[in-house]
Undergrad: 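This structure is in structure tokens; I'll ask about it shortly.
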Amino acid sequence: MTASTPPPPPPSATAIDLLRWQFDLTWSLFEYHLERIAPGDFLWEPAANCWTVRRSADDGTWTADWADVEPEPVPVPTIGWLSWHMGWWWSVTVDHVRGRTPRDRNDITWPGPGAPTVEWLRDLRKDWLAALDGLTAADLDATATFPWQKDPQHTVAHTIAWVNAELMKNVAEIGQIRLQRAAVPT
């Protein structure tokens, strides 16, 4: 796999420059899969014990499988579930970084398989970058409100690093499931 990786920041780069470069690098790897993902990939269940997104009988919106206490064994997620999960944590994180009231998990609606979700994720990327572009060095040093609930040991810079780590993890999971599905004979 090849990706168009961003050039590294100079050695004199600021913390936000380095965090942004790390984000851009991870996103470039995600684009490899986003450009190749098919609508059928989103709801393909790679295992019998699976978490996915399902049409609600009430209004036809998509609802993600969820448990307040993680089951054992942990269900294998579908790409649909992973993309909803990304949309959830990322939307809430943008709310925190911008100083808005964070949305509840149930307020994050998955747009559906295929292009709607790909565009949603790309729009979240744009929102995130706009939020990062507005941060100062003092903002990075401020106490994080998410995901550590105002723990003074964690700053907004830690939140940005956490987003990068979550994105890396979710990109790898989505990529692996997409590759697995492509390898399964139909």
Side-chain angles (χ1 to χ4, degrees), residues 1-11 13-47 50-53 62 64-65 76-98 103 105 108-135 140 146-147 156-186:
M1 276 185 265
T2 61
S4 177
T5 59
T14 63
I16 192 69
D17 292 336
L18 186 57
L19 289 165
R20 170 70 187 267
W21 175 80
Q22 185 183 45
F23 173 84
D24 289 341
L25 174 63
T26 302
W27 188 266
S28 72
L29 299 171
F30 195 26
E31 277 296 334
Y32 176 87
H33 295 292
L34 289 178
E35 291 168 1
R36 291 160 178 80
I37 201 161
D41 294 340
F42 286 87
L43 299 177
W44 180 71
E45 295 188 6
C50 207
W51 269 357
T52 191
V53 285
W62 293 92
D65 293 336
V76 177
T78 63
I79 291 174
W81 191 91
L82 287 165
S83 59
W84 163 80
H85 185 251
M86 286 176 68
W88 167 46
W89 63 254
W90 215 353
S91 296
V92 170
T93 306
V94 169
D95 290 342
H96 279 274
V97 168
R98 291 191 174 234
R103 287 166 271 185
R105 174 178 47 83
I108 308 301
T109 303
W110 188 66
T117 291
V118 171
E119 289 309 310
W120 181 51
L121 293 171
R122 287 180 174 146
D123 286 344
L124 282 167
R125 174 186 172 268
K126 290 176 193 170
D127 290 348
W128 181 244
L129 293 178
L132 293 183
D133 288 345
L135 296 176
L140 292 178
F146 186 76
V156 171
H158 288 104
T159 297
I160 296 167
W162 173 81
V163 165
N164 290 347
E166 277 292 316
L167 182 63
M168 283 180 227
K169 178 183 80 67
N170 290 151
V171 166
E173 291 168 326
I174 287 171
Q176 188 62 42
I177 293 170
R178 190 191 70 76
L179 292 170
Q180 263 186 305
R181 181 168 188 261
V184 173
T186 54

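Keep in mind that the numbers below use all heavy atoms, side chains included, and drop hydrogens, waters and symmetry copies. Nothing fancy with the numbering, it's 1 onward along the sequence.
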Undergrad: Partners of Arg122 by side-chain hydrogen bond (donor to acceptor under 3.5 Å, both in side chains), sequence neighbours excluded?
TA: Glu31, Glu119
Undergrad: Just wondering, do Leu135 and Ile160 contact through their side chains at under 4.5 Å, heavy atoms?
TA: yes
Undergrad: Could you note down all residue pairs passing salt bridge (charged side-chain N to carboxylate O under 4.0 Å, His left out) where residues 157-170 supplies at least one of them, sequence neighbours left out?
TA: Lys169-Glu173
Undergrad: Could you check Val53 against Phe42 for side-chain contact (heavy atoms from CB on, under 4.5 Å), going step by step and ending with a plain yes or no?
TA: CA-CA 9 Å; Val53 285; Phe42 286 87; over 6 Å; no
Undergrad: Between Ile174 and Ile79, which heavy-atom pair has the shortest distance, and what is it?
TA: O-CD1, 3.8 Å
Undergrad: Apply side-chain contact (heavy atoms from CB on, under 4.5 Å) to Leu124 and list each qualifying residue two or more places apart in sequence or on a separate chain.
TA: Trp90, Ser91, Trp120, Leu121
Undergrad: Could you tell me which non-hydrogen atom of Ala130 sits nearest to which non-hydrogen atom of Arg98, and how far apart they are?
TA: CB-NH2, 3.1 Å
Undergrad: Taking all heavy atoms of Pro77 and all of Cys50, pick out the closest pair and write down the distance.
TA: C-SG, 4.4 Å
Undergrad: Which heavy atom in Pro116 sits nearest to a heavy atom in Pro113, and how many Å separate them?
TA: CD-O, 3.5 Å
Undergrad: When the ring planes of Trp110 and Trp62 are compared, do they come out parallel, tilted or perpendicular, using 30° and 60° as the limits?
TA: perpendicular
Undergrad: Would you call Thr52 and Trp84 a side-chain contact if the rule is heavy atoms closer than 4.5 Å?
TA: no
Undergrad: Atom OH of Tyr32 and atom CD1 of Ile37: how far apart are they, to the nearest 0.5 Å?
TA: 12.5 Å
Undergrad: Would Arg178 and Asp41 pass as an ion pair if we require N to O under 4.0 Å?
TA: no
Undergrad: Going by the rule side-chain contact (heavy atoms from CB on, under 4.5 Å), which residues pair with Pro39 if we only count those two or more places apart in sequence or in a different chain?
TA: none
Undergrad: For Asp95, give me all partners under side-chain hydrogen bond (donor to acceptor under 3.5 Å, both in side chains), at least two apart in sequence or on another chain.
TA: Arg100, Arg103
Undergrad: Where do Ala47 and Val76 come nearest, in terms of heavy atoms and distance?
TA: CB-CG2, 3.8 Å
Undergrad: Considering all heavy atoms of both residues, which atom of Ile16 and which atom of Leu132 are nearest to each other, and what is their separation?
TA: CD1-CD2, 4.3 Å
Undergrad: Is Trp21 close to Asn164 at the side-chain level, that is, under 4.5 Å between some pair of heavy atoms?
TA: no
Undergrad: Quick one: salt bridge (Lys or Arg N to Asp or Glu O under 4.0 Å) partners of Arg20, sequence neighbours excluded?
TA: Asp24, Asp133
Undergrad: Name all residues meeting the side-chain hydrogen bond (donor to acceptor under 3.5 Å, both in side chains) criterion together with Thr109; count only those two or more places apart in sequence or in a different chain, and write none if there are none.
TA: none
Undergrad: Please enumerate all residues that pass side-chain hydrogen bond (donor to acceptor under 3.5 Å, both in side chains) together with His85, with sequence neighbours excluded.
TA: none
Undergrad: Listed by chain and number, what are the ring-ring contact (aromatic ring centres under 6.0 Å, His included) partners of Phe30, not counting sequence neighbours?
TA: Trp27
Undergrad: Which residues pass the ring-ring contact (aromatic ring centres under 6.0 Å, His included) test with Trp51, sequence neighbours left out?
TA: Trp81
Undergrad: Partners of Ala157 by side-chain contact (heavy atoms from CB on, under 4.5 Å), sequence neighbours excluded?
TA: Leu19, Leu140, Thr155
Undergrad: Look at the side chain of Thr159 and the backbone N and O of Phe146, then say whether any donor-acceptor pair between them is shorter than 3.5 Å.
TA: yes
Undergrad: Hey, what do you get for CG (Leu34) to CZ (Arg125), rounding to the nearest 0.5 Å?
TA: 10.5 Å
